[in-house]
Amino acid sequence: MTDPSASSSDTQRGERIAKALARRGVASRRDAERMIDEGRISLNGHAVTHPATFVQEHDILIVDGKPVDPPQHTRLWRYHKPSGLVTTHHDPEERPTVFNSLPKAMPRVISVGRLDLNSEGLLLLTNDGALARELELPSRQWMRRYRVRVFGVVDEKRLAQLAKGSTFDGVRYGPIDATLDSTKGDNSWLTVSLREGKNREIRRVMMGLNLHVSRLIRLSYGPFILGPLKARELEEVPSRVLADQIPSFSDKMTKAKRR
């Protein structure tokens, strides 16, 4: 195991363990640091106790008693998340998770962002934590589009004003494009689009408009769309499409395939 106190200028020390685990699709960097605190990780037979531990190419990583495979070439999947699954690897309440619902042949993956328990639709999954971080960057300004069913009386004027940004319960939200598609009784369907969402943003903003969200379906995340995928269905994004959308990963994927 590399000495955590080693000089940061030492280029031979490898990469930080949290980054190494993220690249292998085990967990996000933040979650990896939490796993270290919980004593769930070992490196070359020794328990990892410090996040400034470094991993080299041939080191043996163990997480929860299971060996972690070396990094594979970067891959991305579209998954239709149904309502009732949480987007986490380890749920303290032992609720069913997205990752337990995946085919057994799937490699370790992490999600790009999250959908809460009662939300459904497009969830991107990847075996490369660096790609997940790249896709989540606010600077990308990728549009995320949702189909939202609400209960209550829709005020189209107030709905349109969301495009200028809004504040509810002291929290400032960025521009949201929301349009009314149809109404039947007290239920309406909306199309809602935003570029940078806070946790449960759509539900909280709609609550500020006296509307209760009874269903929320993500239709797209940037250039990636849900399309005809049915609940729990999974489809890999072709490497050429991923390379076109994320040019910075094109060379990386090509090199990995040559190994």
Side-chain angles (χ1 to χ4, degrees), residues 17-43 46-51 53 60-69 71-72 75-133 135-136 144 146-149 151 197-204 206-207 212-218 221 226 229-236:
I17 192 164
K19 181 179 179 181
L21 289 170
R23 285 209 306 125
R24 289 159 171 79
V26 174
S28 68
R29 295 190 194 186
R30 180 180 299 177
D31 285 344
E33 291 179 358
R34 174 179 54 78
M35 293 164 72
I36 291 171
D37 291 339
E38 295 170 351
R40 295 165 53 190
I41 301 171
S42 67
L43 179 63
H46 300 278
V48 176
T49 59
H50 199 288
T53 299
I60 300 174
L61 265 171
I62 304 291
V63 175
D64 294 333
K66 298 178 181 179
V68 177
D69 293 333
Q72 304 297 313
R75 301 170 71 184
L76 182 72
W77 290 263
R78 295 181 301 115
Y79 173 70
H80 187 155
K81 176 195 173 298
S83 178
L85 298 181
V86 292
T87 312
T88 182
H89 283 273
H90 300 278
D91 181 56
E93 299 178 37
E94 298 186 350
R95 294 169 296 183
T97 74
V98 164
F99 304 100
N100 289 337
S101 75
L102 300 176
K104 291 184 178 180
M106 279 284 289
R108 285 180 180 263
V109 292
I110 58 177
S111 63
V112 178
R114 296 190 177 189
L115 286 173
D116 63 33
L117 175 69
N118 296 317
S119 297
E120 54 194 291
L122 178 65
L123 184 66
L124 297 178
L125 303 171
T126 178
N127 65 338
D128 190 324
L131 176 62
R133 288 190 68 183
L135 296 179
E136 291 172 350
R144 301 164 199 184
Y146 300 80
R147 184 102 162 119
V148 183
R149 187 176 66 193
F151 177 83
K198 295 181 172 66
N199 184 38
R200 298 178 65 83
E201 177 168 338
I202 293 176
R203 295 181 187 276
R204 288 170 175 165
M206 292 302 148
M207 187 178 297
H212 170 73
V213 173
S214 57
R215 196 170 179 191
L216 192 152
I217 309 166
R218 183 153 65 197
Y221 188 107
L226 180 64
L229 282 181
K230 297 179 181 179
R232 296 179 183 264
E233 284 189 343
L234 185 78
E235 186 171 283
E236 185 168 0

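Values below: all heavy atoms of this structure, side chains included; hydrogens, waters and symmetry mates excluded. In what follows, residues are counted from 1 in the order of the sequence shown. Note that the coordinates shown come from a computational prediction; the quantities given were computed from them, not determined experimentally.
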* To the nearest 0.5 Å, tell me how far Asp91 CG sits from Asn100 CG. => 10.0 Å
* Indicate the atoms forming the closest heavy-atom contact of Thr88 with Phe99, along with that distance. => O-CD1, 3.3 Å
* To do: Could you grab the distance from atom NE2 of His46 to atom OG1 of Thr53, nearest 0.5 Å is fine?
  => 11.5 Å
* Do other residues, nucleotides or ligands put more than 12 heavy atoms under 6.0 Å from Glu38 CD? -> yes
* Asked: Can you tell me if Arg95 uses its side chain to pair, donor with acceptor, with the backbone of Gly84 under 3.5 Å?
  -> no
* **Working for side chain to side chain contact (heavy atoms under 4.5 Å, CB included), residues Val98 and Val86** => CA-CA 6 Å; Val98 164; Val86 292; over 6 Å; no
* From Arg114, Arg203, Arg215, residue fulfilling side-chain hydrogen bond (donor to acceptor under 3.5 Å, both in side chains) relative to Ser119 -> Arg203
* To do: Mind checking the NZ-CG spacing from Lys81 to Leu229? Nearest 0.5 Å is all I need.
  => 14.5 Å
* **Test item: Leu125 and Leu123 side chains (from C-beta on) under 4.5 Å apart, heavy atoms** => yes
* Rounded to the nearest 0.5 Å, what separation is found between the NZ atom of Lys19 and the CD1 atom of Ile17? -> 14.0 Å
* Asked: Would you call Leu135 and Leu76 a side-chain contact if the rule is heavy atoms closer than 4.5 Å?
  -> yes
* **side chain to side chain contact (heavy atoms under 4.5 Å, CB included) assessment of His80 paired with Leu226** => CA-CA 7 Å; His80 187 155; Leu226 180 64; 3.8 Å; yes
* Asked: Side chains of Ile36 and Thr49: does their closest heavy-atom pair fall under 4.5 Å?
  -> no
* Asked: Can you tell if the side chain of Leu85 reaches within under 4.5 Å of the side chain of Arg232, non-hydrogen atoms only?
  -> yes
* Is any side-chain heavy atom of Trp77 less than 4.5 Å from a side-chain heavy atom of Leu102? -> no
* **Results of side chain to side chain donor-acceptor pair (under 3.5 Å) for Glu136 - residues two or more places apart only** => none
* Side-chain donor/acceptor of Ser83 to backbone N/O of Glu120, under 3.5 Å -> no
* **Taking every non-hydrogen atom, the tightest pair across Pro82 and Ala231** => CB-CB, 4.2 Å
* **Enclosure of Arg149 CZ (heavy-atom neighbours >12, cutoff 6.0 Å)** => yes
* Structure fact -> On a heavy-atom basis, the closest approach of Gly113 and Thr87 is O-CG2, 4.2 Å
* CD1 of Ile217 to CG of Leu115: how many Å apart, nearest 0.5 Å? -> 11.0 Å
* Say you draw a straight line from CG of Leu124 to CZ of Arg218; how long is it, rounded to the nearest 0.5 Å? -> 7.0 Å
* Taking all non-hydrogen atoms of both residues, which atom of Ile110 and which atom of Gly129 are closest, and how far apart? -> CD1-CA, 3.5 Å
* Is there a side chain to side chain contact (heavy atoms under 4.5 Å, CB included) between Leu21 and Ile41 once you walk through the steps? -> CA-CA 10 Å; Leu21 289 170; Ile41 301 171; 3.4 Å; yes
* Asked: If you look only at pairs with a residue in residues 103-112, which of them pass as a side-chain hydrogen bond (donor to acceptor under 3.5 Å, both in side chains), with sequence neighbours excluded?
  -> none
* Are Leu61 and Arg24 side-chain neighbours, meaning at least one heavy-atom pair lies under 4.5 Å? -> yes
